Engineer: 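Quick one: the structure is below, and I'll ask about it shortly.
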Amino acid sequence: EREIVGLVEDDGLFRSAASHVDAFDEEQVLQLASHLDTPERARATFLLASIRDDTLEPLERDAMSTLHELIQRALADSTLTGLDARHLIERRRTEAMLMARDRSDVVDRIRRAPRAYVAGQTAATIVRHAVLTEPPLISHRVRVNVMPTDDGRWMIEIGGRDQSGLMATVTGVLVDENLDVERAVVATWDDNVAIESFIVAASSEPSADELTERISSALGSPLAVEAVKDATIVFDDVASPWHTVCEVSAPDMKGLLHMLCSVFAVAGVEIKAASIGRTGSVAADRFEVIGRTGPRLSAEERDLIRSYLATGVHARPRRFRRGYAVSLPS
């Protein structure tokens with residue numbers, strides 16, 4: 001009886017959700033998946049929506065079908081939509097909102113935080129990151145927080161506007177400051193506010209004020225990358241419903257993360273999440289990225305990334321539009 005009542009209550013849900021501009025965004029899909037709860041209920045809701053309305057246009061049917069496929073893939077990932085995961089995410093989000101209850105803007109930022117990001121952070125970290133992003137900054141300005149970790153390393157957290165080359169610029173400054181990045185977390189909100197968090201090794205405490213000025217001054221500067229020798233790159237469109245997963249293996253060297261981020265930026269590819277690792281002398285980095293026109297990288301964008309890694313690339317930001325003007329090293 002509850003299943004039937006749920007299907008009746010959700011009449012029109014698929015058509016309405018699929019018509020929104022952000023219908024296929026990760027957060028929207030995860031919210032629908034959590035509401036529908038099971039693959040069977042999602043399938044039944046989709047089928048009823050498909051057969052009961054004769055006025056659906058072919059494009060609407062295609063959008064509904066795509067949305068249903070994304071929901072099924074999300075429901076298959078128990079780390080995000082399973083009952084235990086949902087309870088964990090909502091508990092952590094609620095705990096963070098209670099910690100920030102004296103600031104309504106920070107509470108709202110936490111409420112809108114991406115689920116995958118919330119699942120991987122402590123409540124205290126979520127609050128710190130939300131404070132770094134409120135009120136939102138103009139482009140070419142960032143806020144920086146530096147704090148020690150329990151194992152003698154340093155955590156550097158940057159909040160600012162999501163913009164072309166943000167992670168490339170930040171990692172370039174970290175290289176110049178001789179800060180060796182060992183782990184990175186990236187999160188982007190639906191209003192183009194971004195958080196980047198890095199665990200770094202350093203002989204002394206990095207200065208938050210100096211990093212703030214250096215990063216802010218460097219935003220919008222040209223990028224120059226030398227060839228990354230012996231790099232292996234693999235693209236995967238199956239591992240994530242929303243992004244192309246890009247795995248890069250290369251000999252570990254100073255500034256490698258900056259080189260990779262710069263190549264992505266110049267190719268017009270946006271980094272949505274990053275996982276940095278190494279095995280012995282080999283770096284193994286994993287990026288979740290999106291292209292200019294959709295969640296999957298085009299063949300042209302993949303070719304550009306491979307080419308820029310092999311030859312190196314020099315680029316300067318375009319003056320009146322997003323992106324870079326490219327020249328190859330002579």
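Numbers here simply count residues along the sequence, with the first being 1. None of the values given here were measured: they were computed from a predicted structure. Values reported hereafter were calculated over all heavy atoms of this structure, with side chains retained and with hydrogens, waters and symmetry mates removed.
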Engineer: Is it true that Val106 and Met97 fall in one hydrophobic cluster, defined by side-chain heavy atoms closer than 4.5 Å?
Structural biologist: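 Linked, Val106 and Met97 end up in one cluster.
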Engineer: What I'd like to find out is whether the side chain of Phe198 reaches to under 4.5 Å of the side chain of Ile276, using heavy atoms alone.
Structural biologist: no
Engineer: To the nearest 0.5 Å, what is the distance between OG1 (Thr244) and CD (Glu288)?
Structural biologist: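 Thr244 atom OG1 to Glu288 atom CD measures 10.0 Å (nearest 0.5 Å).
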Engineer: Are Gln121 and Val185 close enough that some pair of their side-chain heavy atoms sits under 4.5 Å apart?
Structural biologist: yes
Engineer: Got a second to check how far Glu196's CD is from Leu166's CG, nearest 0.5 Å?
Structural biologist: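 With rounding to 0.5 Å, CD (Glu196) is 4.0 Å from CG (Leu166).
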Engineer: Hey, are the side chains of Ile305 and Leu297 touching, using non-hydrogen atoms and a 4.5 Å cut-off?
Structural biologist: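 Touching, per the 4.5 Å side-chain cut-off.
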Engineer: Minimum heavy-atom separation for Cys261 and Phe287, please, with both atom names.
Structural biologist: SG-CE2, 4.4 Å
Engineer: Out of curiosity, does Met253 fall in the hydrophobic cluster containing Val200 (side-chain heavy atoms, cut-off under 4.5 Å, transitive links)?
Structural biologist: yes
Engineer: Do Glu226 and His314 pass the side-chain contact (heavy atoms from CB on, under 4.5 Å) test, and can you show the C-alpha distance, the side-chain angles, and the key distance before you say yes or no?
Structural biologist: CA-CA 8 Å; Glu226 302 305 316; His314 295 168; 4.0 Å; yes
Engineer: Taking side chain as C-beta onward, heavy atoms only, is Ser139 less than 4.5 Å from Leu219?
Structural biologist: no
Engineer: For side-chain contact (heavy atoms from CB on, under 4.5 Å), just list the numbers for Cys246 and Ile233, CA-CA rounded to whole Å, side-chain angles, deciding distance to a tenth of an Å, and then say yes or no.
Structural biologist: CA-CA 7 Å; Cys246 177; Ile233 185 165; 3.4 Å; yes
Engineer: Are any non-hydrogen side-chain atoms of Glu69 and Gln72 less than 4.5 angstrom apart?
Structural biologist: no
Engineer: Apply the side-chain contact (heavy atoms from CB on, under 4.5 Å) test between Leu257 and each candidate in Val175, Asp180, Val181, Val170; give the one that qualifies.
Structural biologist: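 Among Val175, Asp180, Val181, Val170, the one meeting side-chain contact (heavy atoms from CB on, under 4.5 Å) with Leu257 is Val181.
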Engineer: If you count the non-hydrogen atoms of other residues, nucleotides and ligands that lie under 6.0 Å from CD in Glu300, is the total more than 12?
Structural biologist: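 Atom CD in Glu300 is not crowded, with 12 or fewer foreign heavy atoms closer than 6.0 Å.
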Engineer: Any donor and acceptor pair, going by atom type alone, linking the side chain of Arg112 with main-chain N or O of Asp190 inside 3.5 Å?
Structural biologist: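 Not confirmed, Arg112 side chain does not pair with Asp190 backbone.
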Engineer: Output yes when a side-chain donor or acceptor of Thr133 lies under 3.5 Å from a complementary backbone atom of Ala130, and no otherwise.
Structural biologist: yes
Engineer: Determine yes or no for a side-chain-to-main-chain donor-acceptor pair under 3.5 angstrom, with Ser217 supplying the side chain and Arg214 the backbone.
Structural biologist: no
Engineer: If you apply the rule side-chain contact (heavy atoms from CB on, under 4.5 Å), what do you find for Asn178 with Lys254, and how did you get there?
Structural biologist: CA-CA 9 Å; Asn178 292 314; Lys254 180 180 179 180; 2.9 Å; yes
Engineer: Look at atom CZ of Arg41 and say whether more than 12 heavy atoms of other residues, nucleotides or ligands are closer to it than 6.0 Å.
Structural biologist: yes
Engineer: Atom CD in Glu213, atom CG in Leu211: separation rounded to 0.5 Å?
Structural biologist: 10.5 Å
Engineer: State the CD1-CG distance between Ile195 and Asp162, to the nearest 0.5 angstrom.
Structural biologist: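 Ile195 CD1 to Asp162 CG: 11.5 Å, rounded to 0.5 Å.
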Engineer: Without swapping roles, check the side chain of Arg296 against the backbone of His243 for a donor-acceptor pair under 3.5 Å.
Structural biologist: yes
Engineer: Starting from Leu309, can I reach Val282 by hopping between I/L/V/M/F/W/Y residues whose side chains sit under 4.5 Å apart?
Structural biologist: no
Engineer: What heavy-atom pair brings Arg292 and Val266 nearest, and what distance separates the two atoms?
Structural biologist: NH2-O, 4.4 Å
Engineer: Donor-acceptor pair, distance only, cut-off 3.5 Å: does the side chain of Thr188 make one with the backbone of Ala194?
Structural biologist: no
Engineer: Please answer whether the main-chain N or O of Gly323 pairs with a side-chain N or O of Arg318 as donor and acceptor at a distance below 3.5 Å.
Structural biologist: no
Engineer: Can you tell me how far CG of Asp151 sits from CD1 of Ile199, rounded to the nearest 0.5 angstrom?
Structural biologist: 7.5 Å
Engineer: Checking the side chain of Arg161 only, and the main-chain atoms of Leu137 only, is there a donor and an acceptor separated by less than 3.5 Å?
Structural biologist: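 Yes; judged by distance alone, with no hydrogens or angles, the pair exists.
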Engineer: Assess whether side-chain contact (heavy atoms from CB on, under 4.5 Å) is satisfied between Ile71 and Val29, documenting all intermediate values.
Structural biologist: CA-CA 6 Å; Ile71 288 172; Val29 173; 4.1 Å; yes
Engineer: Which pair of heavy atoms, one from Gly165 and one from Tyr324, lies closest together, and at what distance?
Structural biologist: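 Answer, listing the atom of Gly165 first, then Tyr324: CA-OH, 3.4 Å.
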Engineer: Taking all heavy atoms of Leu67 and all of Ala17, pick out the closest pair and write down the distance.
Structural biologist: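 Nearest pair, atom of Leu67 first, then Ala17: CD2-CB, 3.8 Å.
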Engineer: Has Arg183 got more than 12 heavy atoms of other residues, nucleotides or ligands less than 6.0 Å from its CZ?
Structural biologist: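 No.
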Engineer: What I'd like to find out is whether the side chain of Val326 reaches to under 4.5 Å of the side chain of Tyr308, using heavy atoms alone.
Structural biologist: yes
Engineer: Looking only at heavy atoms, which two atoms of Ser197 and Met155 are closest? And how far apart?
Structural biologist: OG-CG, 3.8 Å
Engineer: Using a strict threshold of under 4.0 Å (side-chain N to carboxylate O), is an ion pair present between Arg306 and Glu301?
Structural biologist: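 Arg306 and Glu301: not salt-bridged.
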Engineer: Any side-chain heavy atom of Asn192 within less than 4.5 Å of one from Gln163?
Structural biologist: no
Engineer: Checking Arg61 side chain against Ser50 main chain: does a donor-acceptor pair fall under 3.5 Å?
Structural biologist: yes
Engineer: Determine the minimum heavy-atom distance between Ala113 and Arg93, stating which atoms define it.
Structural biologist: O-NH1, 3.0 Å
Engineer: CZ of Arg109 to NE2 of His129: how many Å apart, nearest 0.5 Å?
Structural biologist: 13.0 Å
Engineer: Would Val146 end up clustered with Leu179 when hydrophobic side chains under 4.5 Å apart are linked, directly or stepwise?
Structural biologist: yes
Engineer: Please determine if Arg103 and Glu134 form a salt bridge, counting it only when a charged side-chain N lies under 4.0 Å from a carboxylate O.
Structural biologist: no
Engineer: Closer than 3.5 angstrom, by distance alone: can the side chain of His258 be matched with the main-chain N or O of Ala168 as a donor-acceptor pair?
Structural biologist: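 At least one qualifying donor-acceptor pair exists.
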Engineer: Should Ile126 and Val131 be regarded as members of a common hydrophobic cluster, given that ILVMFWY residues are connected when their side-chain heavy atoms come within less than 4.5 Å of each other, either directly or indirectly?
Structural biologist: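 Linked within one cluster.
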Engineer: Less than 4.5 Å apart, side chain to side chain, heavy atoms only: is that true for Ile110 and Met99?
Structural biologist: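 Answer no - side chains too far apart.
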Engineer: For the pair Arg43 (side chain) and Thr38 (backbone), establish whether a donor and an acceptor sit closer than 3.5 Å, ignoring hydrogens and angles.
Structural biologist: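 No; judged by distance alone, with no hydrogens or angles, the pair does not exist.
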